[in-house]
There are 2 protein chains.
Amino acid sequence: MDKLNSQSTELQIMDVAEQLFLEKGFAMTSTTEIAKQVGCNQALVHYYYRSKEKLFLLIFRKKIETFANYFVTVGDESMSFEHRLKLRMYAHFEMFQNNPKMPFMILNELTTNPRRLQTVKEIFSKAPGLVVSQLEAELKVEFDKGRIRKMSAVDVMLSAFSLNAGLFLLLPIIKGLSVLPDNEIKNMIEKRKEENYQIILRSLRE
Amino acid sequence: MDKLNSQSTELQIMDVAEQLFLEKGFAMTSTTEIAKQVGCNQALVHYYYRSKEKLFLLIFRKKIETFANYFVTVGDESMSFEHRLKLRMYAHFEMFQNNPKMPFMILNELTTNPRRLQTVKEIFSKAPGLVVSQLEAELKVEFDKGRIRKMSAVDVMLSAFSLNAGLFLLLPIIKGLSVLPDNEIKNMIEKRKEENYQIILRSLRE
DNA sequence: ATATAGTTTAATAGCTCTATTAATACGATG
DNA sequence: CATCGTATTAATAGAGCTATTAAACTATAT
């Protein structure tokens with residue numbers, strides 16, 4: 001193995017682990033495989049991170065926090081409702097673009113291992129219904145102006161989330177079934193960013 | 001263990017396996033656990049189904065076929081475009097309602113184990129682009145009438161799929177975070193069926 | 001009652017995985 | 001160069017898992 005790697009072994013382990021956990025999930029990834037891919041002894045994984053679980057939680061927490069942080073993006077009071085909606089939708093989408101495998105990892109771990117919901121609860125406890133009630137208020141203002149139909153913030157968020165996450169969840173399958181040539185995929189993703197915003201916007205129109 | 005169960009052990013094993021595979025995925029489910037939950041010896045699982053992989057594939061194929069079959073639902077020529085769209089969206093949604101854990105299982109297995117894409121290809125090879133081109137044609141008719149904006153069938157299907165599957169993928173998390181009281185969940189699901197149809201319909205409006 | 005086919009069990013081989021331990025190599029510092 | 005802390009390795013305990021095998025059980029037909 002080339003030991004010319006600039007990074008410390010400790011960080012390399014973390015990086016490789018992140019890749020593998022994202023790709024195949026906690027259960028399907030072994031510390032042996034991580035070590036092999038780093039090119040070091042398997043004991044080193046435990047030397048630095050004690051246990052597979054602890055190493056995983058480090059990475060998982062980071063992802064959840066990235067995810068949670070997105071929610072603070074609010075936009076400016078002066079902007080139109082449409083503009084603010086667009087900003088949010090784009091920010092959400094771009095977070096997934098930068099972490100395309102995050103949605104699957106989070107979904108996978110929370111579904112197969114419900115115990116992990118606790119971790120999420122803790123991290124989200126800070127800003128829980130705050131975002132929802134914020135959006136709720138904005139929707140009410142627009143509704144009172146007669147600009148949009150009556151719709152709950154939870155519903156809007158659920159739709160937006162499904163559309164954005166859905167694309168990235170399906171991406172490996174789309175690629176695998178080679179429905180689209182590789183070079184057009186990037187294209188398609190970029191188009192879906194605007195499309196998803198449009199869908200949410202139109203779904204609100206009276 | 002009560003051996004008064006009406007079903008044969010062979011079928012019981014299949015049923016329990018289906019539950020567990022749906023719940024926790026292939027990797028996280030052991031034949032030992034299946035046997036324990038059935039109340040029989042672990043060797044029986046292999047006696048009837050040879051290997052864990054073969055047992056899994058039996059179940060996985062069934063799910064994929066259920067999924068693929070939905071696509072044939074077309075609707076009547078005489079109906080309006082809206083009506084046909086509604087029929088399809090509802091059929092799709094109801095298939096998920098009847099198999100709420102199917103989306104996760106399929107997604108999980110195809111993502112963590114790309115080798116399984118082959119299985120899907122085989123099953124889908126029968127009616128591949130047929131459904132897409134069918135919808136494409138219908139969209140063109142409506143577009144030519146000036147009733148809807150220009151949009152590709154793939155885009156529409158991706159959106160519809162994301163919205164419908166998204167709800168059922170998120171359900172365990174929504175329940176786990178106890179965002180909603182248990183009795184209101186059924187309510188919410190039923191509302192989302194119409195809502196998702198509305199979203200797709202509105203996304204098409206010129 | 002005995003033979004026979006189909007079920008079920010206990011035991012275990014063989015594998016892989018996590019985690020630990022003790023020994024060794026490395027590298028900086030005094 | 002001797003020392004000391006850190007990094008790394010080999011070896012292995014201990015657990016769980018899949019799959020196989022041979023023996024035991026059960027029911028049914030002759």
Side-chain angles (χ1 to χ4, degrees), chain A residues 1-61 105 108-109 112-116 119, chain B residues 1-61 105 108-109 112-116 119:
Chain A
M1 305 293 157
D2 54 321
K3 284 290 172 192
L4 301 173
N5 302 303
S6 45
Q7 276 181 102
S8 70
T9 309
E10 184 173 1
L11 287 182
Q12 269 190 82
I13 290 172
M14 174 75 89
D15 283 358
V16 168
E18 179 166 332
Q19 287 313 309
L20 290 175
F21 284 143
L22 280 167
E23 202 92 31
K24 331 195 313 171
F26 179 81
M28 293 281 284
T29 303
S30 71
T31 55
T32 313
E33 193 184 357
I34 294 170
K36 199 185 289 174
Q37 203 156 122
V38 170
C40 72
N41 191 285
Q42 178 259 346
L44 270 193
V45 178
H46 296 273
Y47 172 72
Y48 285 119
Y49 300 99
R50 200 78 195 161
S51 75
K52 180 179 159 188
E53 176 77 15
K54 282 193 169 60
L55 172 56
F56 176 79
L57 278 183
L58 237 47
I59 293 163
F60 187 63
R61 279 224 165 75
M105 183 201 206
N108 186 23
E109 298 306 330
T112 58
N113 200 339
R115 176 171 52 90
R116 298 247 155 80
T119 310
Chain B
M1 304 292 156
D2 54 322
K3 282 291 172 193
L4 302 173
N5 302 303
S6 46
Q7 276 180 101
S8 70
T9 310
E10 184 173 2
L11 287 183
Q12 269 190 82
I13 290 171
M14 174 75 89
D15 282 358
V16 168
E18 179 167 331
Q19 286 314 309
L20 290 175
F21 284 143
L22 280 167
E23 202 92 30
K24 329 195 316 172
F26 180 81
M28 292 281 283
T29 303
S30 71
T31 55
T32 312
E33 193 184 357
I34 295 170
K36 198 185 291 176
Q37 202 155 123
V38 170
C40 72
N41 191 285
Q42 177 260 348
L44 269 195
V45 178
H46 295 273
Y47 172 72
Y48 285 120
Y49 299 100
R50 201 79 196 160
S51 74
K52 180 180 158 186
E53 175 78 14
K54 282 194 169 59
L55 172 56
F56 176 79
L57 278 183
L58 237 46
I59 292 162
F60 188 63
R61 280 223 165 76
M105 182 201 207
N108 186 22
E109 297 306 330
T112 57
N113 199 339
R115 176 171 53 90
R116 297 249 154 81
T119 311

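Every chain is numbered from 1, with letters handed out A, B, ... down the list of sequences.
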*Asks:* Starting at CD1 of B:Ile13 and ending at P of D:dA19, how long is that distance when rounded to a whole Å?
*Replies:*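 Interatomic distance, CD1 of B:Ile13 to P of D:dA19: 14 Å.
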*Asks:* Output, in order, the C-alpha distance, side-chain angles, deciding distance and verdict of side-chain contact (heavy atoms from CB on, under 4.5 Å) for A:Ile59 and A:Met105.
*Replies:* CA-CA 11 Å; A:Ile59 293 163; A:Met105 183 201 206; 3.9 Å; yes
*Asks:* Between A:Thr31 and C:dA19, is there a side-chain N or O to OP1/OP2 distance below 4.0 Å?
*Replies:*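 So the side chain of A:Thr31 is outside the cut-off, no N or O lying under 4.0 Å from OP1 or OP2 of C:dA19.
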*Asks:* Which whole-number value in Å describes the distance from A:Tyr49 OH to D:dA7 P?
*Replies:*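 So the OH-P distance, A:Tyr49 to D:dA7, works out to 11 Å.
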*Asks:* What is the distance, to the nearest angstrom, from the CG atom on B:Asn41 to the C1' atom on D:dA23?
*Replies:*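 So the CG-C1' distance, B:Asn41 to D:dA23, works out to 13 Å.
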*Asks:* Starting at CG of A:Leu55 and ending at C1' of C:dC17, how long is that distance when rounded to a whole Å?
*Replies:*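 In whole Å, C:dC17 C1' lies 15 Å from A:Leu55 CG.
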*Asks:* If you check every side-chain atom of A:Thr9, which of D:dT8, C:dT9, C:dC17 has the closest atom?
*Replies:*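 So the nucleotide nearest the side chain must be D:dT8.
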*Asks:* Nearest to the side chain of B:Ala43, which nucleotide is it out of D:dT20, C:dT8, C:dT21?
*Replies:*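 Among the listed nucleotides, the one closest to the side chain of B:Ala43 is D:dT20.
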*Asks:* Let me know, please, whether A:Gln42 or A:Tyr48 comes out on the 5' side of the other along DNA chain D by nearest nucleotide.
*Replies:*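 Result of the comparison: A:Tyr48.
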*Asks:* Once you round it to whole Å, what is the distance between P of D:dC25 and CG of B:Leu44?
*Replies:*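 Value for this atom pair: 16 Å.
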*Asks:* Where do A:Phe26 and A:Glu53 come nearest, in terms of heavy atoms and distance?
*Replies:*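 A:Phe26 and A:Glu53 have their closest heavy atoms at CZ-OE1, 3.5 Å.
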*Asks:* Rounded off to whole Å, could you give me the CZ-to-C1' distance for the B:Arg50 and D:dT21 pair?
*Replies:*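 It is 11 Å, rounded to the nearest whole Å.
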*Asks:* Using a cut-off of strictly less than 4.0 Å, decide whether B:Tyr47 has a side-chain nitrogen or oxygen near OP1 or OP2 of C:dT8.
*Replies:*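 Answer is no, no contact under 4.0 Å.
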*Asks:* Figure out the NZ/C1' separation between B:Lys36 and D:dC17, and round it to whole Å.
*Replies:*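 Atom-to-atom, B:Lys36 to D:dC17, this comes out as 12 Å.
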*Asks:* When you measure from the side-chain N and O atoms of B:Thr32 to the phosphate of D:dT18, is any distance below 4.0 Å, counting only OP1 and OP2?
*Replies:*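 For D:dT18, OP1/OP2 do have a side-chain N/O of B:Thr32 under 4.0 Å.
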*Asks:* Quick check for you: to the nearest 0.5 Å, what is the distance between A:Leu20 atom CG and A:Lys36 atom NZ?
*Replies:*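 Nearest 0.5 Å value for the CG-NZ distance: 11.5 Å.
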*Asks:* Side chain of B:Ser30: nearest nucleotide among D:dT9, C:dT8, D:dT18?
*Replies:*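 Given the options D:dT9, C:dT8, D:dT18, the side chain of B:Ser30 is closest to D:dT18.
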*Asks:* Nearest-Å distance, CD (B:Glu10) to C1' (C:dG6)?
*Replies:*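 Those two atoms, CD and C1', are 11 Å apart.
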*Asks:* Do B:Arg61 and B:Phe56 form a cation-pi contact, if we require the NZ or CZ to be under 6.0 Å from the six-membered ring centre and within 45 degrees of the ring's axis?
*Replies:*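 The answer is no; the distance or angle limit is not met.
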*Asks:* I want to check something: taking the side chain as every heavy atom from C-beta on, are B:Tyr49 and B:Met14 in contact at a cut-off of under 4.5 Å?
*Replies:*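 The answer is yes; the side chains approach within 4.5 Å.
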*Asks:* Respond yes when some side-chain nitrogen or oxygen of B:His46 is under 4.0 Å from OP1 or OP2 of D:dT18, and no when none is.
*Replies:*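 So the side-chain polar atoms of B:His46 never come under 4.0 Å of the phosphate oxygens OP1 or OP2 of D:dT18.
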